[in-house]
Amino acid sequence: MIELKQVSQAYGTQDILKNVSLKIKEKRITALVGANGAGKTTLLNVAANLIPAKSGQVLLDGRDICQMETIEIARKIAILKQTQHLSMRITVQELVAFGRYPHSKGRLKSADETKIREAIAYMDLENIKEKFIDELSGGQRQRAYIAMILAQDTRYVFLDEPLNNLDIKYSVEMMTILQKLVQELDKTVIIVLHDINFAAAFADEIVAMKGGEIIREGPAESIIDGETLKDVFDHEFHIIRVGERKVCVYFQPQPDREIKRSKDCFI
Amino acid sequence: MVNKKQVTKKFVFLAVLILLSAGLYIYARVFAKAFDAGIALTYPVAVRILGRSASSLLGMAVSAALIAVVSLAFQTITENRVLTPSMLGFDSVFLATQSLLVYFAANIGFMARLFANPYCNFFVTTGIMLAISMLMYGLMLRKDKNHIVFLLLFGLILSSIVQSFTNYIEVLLDPQQFQQLKAVTTVSVTNMNERVIVLAAPSMVLLTFLFVRQSREFDVMLLGENHAKSLGVPYSRRVNSTLLLIAFGMAVTTALIGPLTFLGLLAVNIARELFKTYRHSILFFGSILMSVLFLVLGQGIVELLRYAAPVTVLIDLAGGAYMIILIMKEHRL
Ligand SMILES: Nc1ncnc2c1ncn2[C@@H]1O[C@H](COP(=O)(O)OP(=O)(O)OP(=O)(O)O)[C@@H](O)[C@H]1O
Ligand SMILES: [Mg+2]
């Protein structure tokens, strides 16, 4: 179980997280949404103990995460950061193998090899597994990193904008994989998403942040609502129904131009 | 994946080259020296020169190995491939510590004994170096570690400050103290502080052992701070402990053989090229072999050709050029 208790974080005098308390629901996909700079990344980092909280506590299975060994945390929480930068030249397979480090300390056993193979297959990387990371396209690289996270095989998976660089097909596939992880392998996924429709379609829970605070949280269904979303993003949303699903439209076709164009058509 | 057989082959190849270079070096020393000095190469003379050469060889090997492991570890924790601790002024800190010691030795009784006894001196110097470099590099490296130009600038400024400081202290010394100071600080490949070997050799073995044991952790650290942390490496703690060991290694090699500015850079990067791997368990040994080979072979050739300058001049020349190439390549200038 992961629980944040009154967590605050600040850079200099700027408060980034203000007394955030959150209980992460087990065996669910929780989507973290909010505008740029709302503090989503910071929240994930604090929850995974990558940066210490200024005040407050993060409890992992009832224990204060600051008191735990880094490697112990790494066996329970895997985190994919928003930006990847790699200064060494390694292949996809070698990168994925690093995901086993918390378990194997670098000495791969056959069980580790199996996990690595599975992760590579899961992310559809088999035909590029010998390629060097710096020779991949942005989306392929993103998938390689996600495979590393999968190989780490932790109960909690934190993903900071994992759909970056993924095309539509892989984005949907990625989310389906996450659903499978939750349903079949009992994992708990926390994912930062910018596309609210992906959150609406795939997440069980949505946590909305604004200015370093959690302003809404609850089942996805309850958050996808014009008023609520306007609050969170300061932007107009139209909710329309497509079959069972709610879909958000967040761009307004400009009426003037629309009219002009239709006039043009007539001429 | 790395081919174990090929790696072993390369290790053996390098080792053989080192042995050949050592042969060359000894040959150059024994025959050339005797010939130049105009003494007949009788048995006792040969044995004496041989003994001297052997201890020089040992000293060179120890320093070169130390420089190699320390440089590789340093490049990993600073996430760059261009800088080594010698370039950032670790050795000038050594000089400053020595001059301070001499200065205080003159004024405080028991300090004189500290300075005169090579072992005490060694421990005190190492201790002070540890403290100073931890302080400086801890502060600097935390902040802006990927900024190579910034770090270089920092090293440059640190070296000049420390050097002016050393000069200032030297002015305060009386001639006899000055002589004492020069005796410990003007060491070089041809003028080793051989009494330190007894301490340096075990230190080298210990340091190499400690570093190699952490190879797998260093591998993960290559992924960058964030990934390393999320994979369970206690990153800050590891960086600090590594810096400590690096400062220790630098103190030892500087005391033994003086500054070897570019040797580490050459050895580590050429080992990387040769072994084509990121694995520290291989690279540590590869760099050690490379480093020893460069130093011994270079010095052998220099002795054979009877140049007056030590091989470090050549290494610095080649290393400096190589560093410029590296910087241009990495930053696409
Ligand atoms: N290292 C840092 N130093 C100073 N301020 C920082 C640092 N990292 C983040 N911040 C500030 O903290 C605030 C929250 O940043 P955070 O990265 O958590 O936002 P986010 O919600 O993840 O945004 P995005 O959607 O753009 O990724 C921002 O205002 C940012 O300027
Ligand atoms: Mg972010």
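In the text below, chain A, chain B and the rest are named by the order of the sequence lines, each starting its count at 1. Excluded from the calculations below are hydrogen atoms, water molecules and symmetry mates; all remaining heavy atoms, backbone and side chain alike, are included.
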Of Asn45(A), Thr41(A), Asp160(A), which meets side chain to side chain donor-acceptor pair (under 3.5 Å) against Lys81(A)?
->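 Single side chain to side chain donor-acceptor pair (under 3.5 Å) partner of Lys81(A) among Asn45(A), Thr41(A), Asp160(A): Asn45(A).
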What part of Arg237(B) gets closer than 4.5 Å to chain A, counting heavy atoms only: side chain, backbone, both or neither?
->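 Contact with chain A: side chain only.
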Verdict with supporting geometry, Glu135(A) and Arg89(A), salt bridge (Lys or Arg N to Asp or Glu O under 4.0 Å) | CA-CA 10 Å; Glu135(A) 290 168 356; Arg89(A) 213 173 134 76; 3.3 Å; yes
Select all residues of residues 202-215 of chain B having any heavy atom within less than 4.5 Å of some heavy atom of chain A, and report them by number, or 'none'.
->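 Those residues of residues 202-215 of chain B which would need a heavy atom under 4.5 Å from chain A do not exist here.
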Hey, are [X] and [Y] close enough for a salt bridge, meaning a charged N less than 4.0 Å from a carboxylate O?
| X | Y | result |
| --- | --- | --- |
| Lys115(A) | Asp153(A) | yes |
| Lys109(A) | Glu113(A) | no |
| Lys25(A) | Asp204(A) | no |

Taking only heavy atoms into account, what residues of residues 56-76 of chain A are found under 4.5 Å from chain B?
->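 The list, in residue order, reads Glu69(A), Thr70(A), Ile71(A), Ala74(A).
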Of the options Leu283(B), Leu222(B), Leu265(B), which is the one that meets Gln75(B) in a side chain to side chain contact (heavy atoms under 4.5 Å, CB included)?
->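 Going through Leu283(B), Leu222(B), Leu265(B) one by one, the side chain to side chain contact (heavy atoms under 4.5 Å, CB included) with Gln75(B) is satisfied by Leu265(B) alone.
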What I want to check is whether the side chains of [X] and [Y] have a donor and an acceptor closer together than 3.5 Å.
| X | Y | result |
| --- | --- | --- |
| Tyr170(A) | Asn165(A) | no |
| Gln93(A) | Arg117(A) | no |
| Tyr156(A) | Glu26(A) | yes |

Answer yes if the ring centres of Phe98(A) and His227(B) are under 6.0 angstrom apart, and no otherwise.
->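 That pair fails the under 6.0 Å test.
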Exercise: identify the closest heavy-atom pair between His103(A) and Gly99(A) =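 Looks like CD2-O, 4.5 Å.
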Chain B contacts, top residue of Ile79(A), Leu80(A), Leu50(A) (heavy-atom pairs, under 4.5 Å) =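 Among Ile79(A), Leu80(A), Leu50(A), the one with the most close pairs to chain B is Leu50(A).
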Below 4.5 Å from any heavy atom of chain B, which atoms of [X] appear? Answer side chain, backbone, both or neither.
| X | value |
| --- | --- |
| Tyr145(A) | side chain |
| Ile149(A) | neither |
| Arg107(A) | both |

Would you mind reporting whether Pro85(B) and Ser71(B) have side-chain heavy atoms less than 4.5 Å apart?
->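 Yes. Closest side-chain heavy atoms under 4.5 Å.
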